[in-house]
Structures are given as C-alpha cells and as structure tokens.
> 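Here's a structure for you.
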Amino acid sequence: MDLIHRPRRLRRTDPIRRLCRETRVSPDSLIYPIFFDETLQGVRPIASLPGQNHYGLDAVHQVVDGCLAHGVRHCILFGLPAVKDDRGSSAYDENGVIQRAVRAIKASYPDFNVITDVCLCEYTSHGHCGILHGHEVDNDDTLEVLARTALSHAAAGADMVAPSDMMDGHVAALRGALDQNGFQQTSIMAYSAKYASAFYGPFRTAAGSAPAFGDRRGYQMDPHNRKEALRECKLDIREGADIIMVKPALSYLDIIRECADNFNYPLCAYSVSGEYAMIKSASAAGLIDERRVMCETALSVFRAGADMLITYYAKELAGAIQAGEMG
Ligand code: PBG
C-alpha cells in the first residue's frame, strides 16, 4: 500500500509510545482528601467510600506517613465536628477538628502541603453550606463566617484554603480577612465551577453533611451551564483566587478544557466521591479492571487540561505512575 502517513509507527513499541505521549502525569499533581473525625480514636473505614477511612486526631502520623510512602505530598482536609449548630460555629473554633489536625500535621511534617476545605455544611445542624434565613442560605451573612473559618485555618498553619461553599464574593471575603490579619502568603484554591451534582452522595454520607431539607441548587451551579462556569472562574480570579477548580471532574471534562483554554491560572479538578465509588463498585462486581480504569479516568482529566487533581485514588495513582503504568 502506498501510504505516506502511518500513525501506527508511533504506537509500535512501549518506548516510542512513551516518547510521544502528550500528557504526563506526576505524583506532584495529586491531592489526597483526608477526613478527620473529632470524636474518633484511631481509624475507621468509611462504608460509602471503600478503601477510605475516617481518622481520629491521634492518627495523624498514620495517614500522613501513608501519603508520603506513596509519594503524595498534598492533602485536602475535611472535618467531622463533635457538635453542630445552626451557624456552624465549630467551623471556626480555634480548637476545632480541622484547626487541631492542621497544627498536628504541620508540627511533624512542615513540608506536607495542607489545604483545608472551607465550608459550613459539615458544621451546621441543617447541613446547608451557610447561614439560613428561613429556608434560604443568606449569602452575605455566610461570607463572614467563611472568612472567619479560613482565618482560623490559616492561623493553625494551613498552606492553602479552599472555599467550596459557592457563595458570591467568597474569594474576596477570604482574601480580605487573610490579608488584614497578616496571612498574605496563604493561598486560595477556589472551588470556582462547582456543580450541584449527584456525584457527591458518598461524600455526604461520609461527612454527615447532607442537607436536612431541600438541596444545594440555590448556590451550586446548574449542570446544564457552560458559559456560567467561565463567569464563575473569572469572578474568583478577579477576587484573588490563586488556583481555580472544576468539580466534579469526569462529567465535566468539557468545562475543564474550556477553563484551561480561557484562563492562565493553575487549574484543579476534583474527582469526587461518586466517581471513585462507581469505579470501586464496578470492579468489586468484576466488571472492570480497577487499576486500568483508575489510570484512564485520571489521565482523561489531565488531558482535558487540569494541572492538578484531587482524588481518593491519589496514593494508588502515585504508585501507578511510579510503576510506569501511566507514562
Ligand atoms: C463541601 C464539599 C462537598 C464536597 C467537597 N466539599 C459536598 C457538597 O458540596 O455537598 C464533595 C466531595 C466529594 O463528593 O468527593 N461543600
């Protein structure tokens, strides 16, 4: 056959395929979510997220050593407080679960990068992400509490704070509070395009953060929208976000690509609990090869344009990358 172009030439051997790869993934780009439960001692498996655990504050070394052993150097923390109230006041308690976890991690592992999720849903008795006025989450009242929460995380030593509440003006509120209190060097990773998604189910069971009534569609984004994601990112960048985020990842690869193309800011994607749980249960049912699907889905997020990925598979992915399974 008289073929000038034979794309298969560059697929012929493993070294050639490795040479020509367009997407390269590193353990440096992976962020591991950790759940600390104030009422727990030791470690307890999370039923809705097979392979993941709740950690007591006495288990800091166990969980961080586990990350470092795999080459994972970044975490994002979520807290399960001992007490909740309608204003989520344990979210900004200087002796709250996250504040204590951050101090404990930083005391032993100063180079381990600690990002804290800043939201109220785990801390409010009603499970919404802010302060209620009637059945509505009041935006501006919530900002004050979020800013106070972020400040308490920064004071505990967090490297980055990550507001996941989807209130308008949240980045400006956090940046202002941080700067006024001498935390100019604390970065903000903004959950900018966070959709009202059914994929958060296993997380809400794990974090005890499902709303007691209604849903989050009044503040999280409508999954039908694309241009709105660009507006949200633009707003967060203008307000001072250092890193922007798209969440979930797998059903929103188009949004990741657009954000990567439109903004010259580091872009994070969050491969959420439902994405993880689907792979886990399909592989437990013998339907898919877990390791390969884990690698392929993570790869797709990076190929779509993400610079970094929050994933419950961070440790296994780091292992797969180091073993050359991902290239
Ligand atoms: C807090 C928050 C949620 C997630 C991250 N931060 C839950 C929600 O918005 O209901 C979800 C993460 C996941 O599903 O893995 N607002």
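Every value quoted in this text rests on a predicted model; they were computed, and no experiment measured them. Counting starts at 1 for both ligands and their atoms, in listed order.
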> Contact between F263 and L230 at the side-chain level, heavy atoms closer than 4.5 Å - yes or no?
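Side chain of F263 against side chain of L230, heavy atoms only: contact under 4.5 Å found.
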> Determine, for D159 against K106, whether the closest basic-nitrogen to carboxylate-oxygen distance falls under 4.0 angstrom.
yes
> For atom CZ of R292, is the number of surrounding heavy atoms from other residues, nucleotides or ligands below 6.0 Å larger than 12?
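For R292, atom CZ is not crowded (no more than 12 foreign heavy atoms under 6.0 Å).
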> Run the contact test for Y270 against ligand 1 with a 4.0 Å cut-off on heavy atoms, strictly below, and give the result.
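It does, in that a heavy atom of Y270 comes within the 4.0 Å cut-off of ligand 1.
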> List, by chain and number, the other hydrophobic cluster members for Y123, where Ile, Leu, Val, Met, Phe, Trp and Tyr join if side-chain heavy atoms come within less than 4.5 Å, directly or indirectly.
Y32, I34, F36, V43, Y55, L57, V60, V63, V64, L68, V72, L77, V97, I98, V102, I105, Y109, F112, V114
> Polar-atom distance check: K194 versus ligand 1, any N or O pair below 3.5 Å?
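Right, the criterion is met.
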> What is the closest protein heavy atom to atom 4 (C) of ligand 1, and at what distance does it sit?
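Checked against all protein heavy atoms, atom 4 (C) of ligand 1 sits closest to K247 NZ, 2.6 Å.
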> Would one find an N or O of R216, backbone or side chain, under 3.5 Å from an N or O of ligand 1?
yes
> Before accepting this row, confirm whether a basic side-chain N of the pair R73/D111 lies closer than 4.0 Å to the acidic partner's carboxylate O.
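Between D111 and R73 there is no salt bridge, as every charged N stays at least 4.0 Å from the carboxylate O atoms.
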> Suppose we measure from atom 10 (O) of ligand 1 to each protein heavy atom; which comes out shortest, and what is that distance?
R204 NE, 2.6 Å
> What part of D165, side chain, backbone, both or neither, has a heavy atom within less than 4.0 angstrom of ligand 1?
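For D165, there is no contact with ligand 1 at all, from either part.
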> Any non-hydrogen atom of Q220 lying under 4.0 Å from ligand 1?
yes
> Picking from R18, R12, R11, what satisfies side chain to side chain donor-acceptor pair (under 3.5 Å) with D14?
R18
> Would you please determine whether C121 falls within less than 4.0 Å of ligand 1 on a heavy-atom basis?
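Yes, that is the case, since the closest heavy atom of the residue is under 4.0 Å from the ligand.
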> Against heavy atoms of S164, which atoms of ligand 1 measure under 4.0 Å?
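Answer for ligand 1: 1 (C), 2 (C), 6 (N), 16 (N).
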> What are the two closest heavy atoms between M294 and T297, and how far apart are they?
O-OG1, 3.1 Å
> Check ligand 1 against F78 and write out every atom of the ligand that is under 4.0 Å from a heavy-atom position of the residue.
5 (C), 6 (N)
> Below a 4.0 angstrom heavy-atom separation, can you tell me which part of Y312, side chain or backbone, both or neither, approaches ligand 1?
side chain
> Give me the residue, atom name and distance of the protein heavy atom closest to atom 14 (O) of ligand 1.
S273 OG, 2.7 Å
> Please test E290 against Y313 for side chain to side chain donor-acceptor pair (under 3.5 Å), starting from the C-alpha separation and ending with a verdict.
CA-CA 11 Å; E290 179 180 14; Y313 274 126; 2.7 Å; yes
